[in-house]
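We're numbering straight along the sequence, starting at 1. Only heavy atoms go into these numbers, but all of them, side chains included; no hydrogens, no water, no symmetry mates.
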Amino acid sequence: MSGRKLWIVRAAVLAVSASFIALGIARGEHLEVLQKAAAVCLECIGLG
């Protein structure tokens with residue numbers, strides 16, 4: 001793959017991933033992930 005095509009593919013992947021991250025933040029998914037992570041941590045150390 002030539003250098004220009006590789007740059008276009010990388011830019012496209014970056015744009016798609018940034019849009020998915022922004023969509024997840026807009027929907028509040030990061031809060032749900034944090035709650036689940038806290039629950040898993042508390043279960044692992046035996047407090048939950």
Side-chain angles (χ1 to χ4, degrees):
M1 192 177 295
S2 70
R4 182 162 171 79
K5 286 183 183 179
L6 184 60
W7 186 87
I8 291 172
V9 169
R10 287 179 179 171
V13 169
L14 179 64
V16 170
S17 61
S19 64
F20 279 133
I21 290 170
L23 180 64
I25 290 172
R27 291 182 48 170
E29 300 284 337
H30 62 289
L31 298 174
E32 185 173 338
V33 170
L34 183 61
Q35 288 174 348
K36 288 181 180 183
V40 167
C41 278
L42 290 175
E43 287 178 12
C44 286
I45 61 174
L47 297 176

Chemist: Going by the side-chain hydrogen bond (donor to acceptor under 3.5 Å, both in side chains) test, which pairs reach into residues 31-41, not counting sequence neighbours?
Modeler: Glu32-Lys36
Chemist: Could you list the residues that satisfy side chain to side chain contact (heavy atoms under 4.5 Å, CB included) with Arg27, not counting sequence neighbours?
Modeler: Leu23, Glu29
Chemist: How does the hydrophobic cluster around Ile25 look, that is, which other residues are in it when side-chain heavy atoms under 4.5 Å mark a link?
Modeler: Ile21
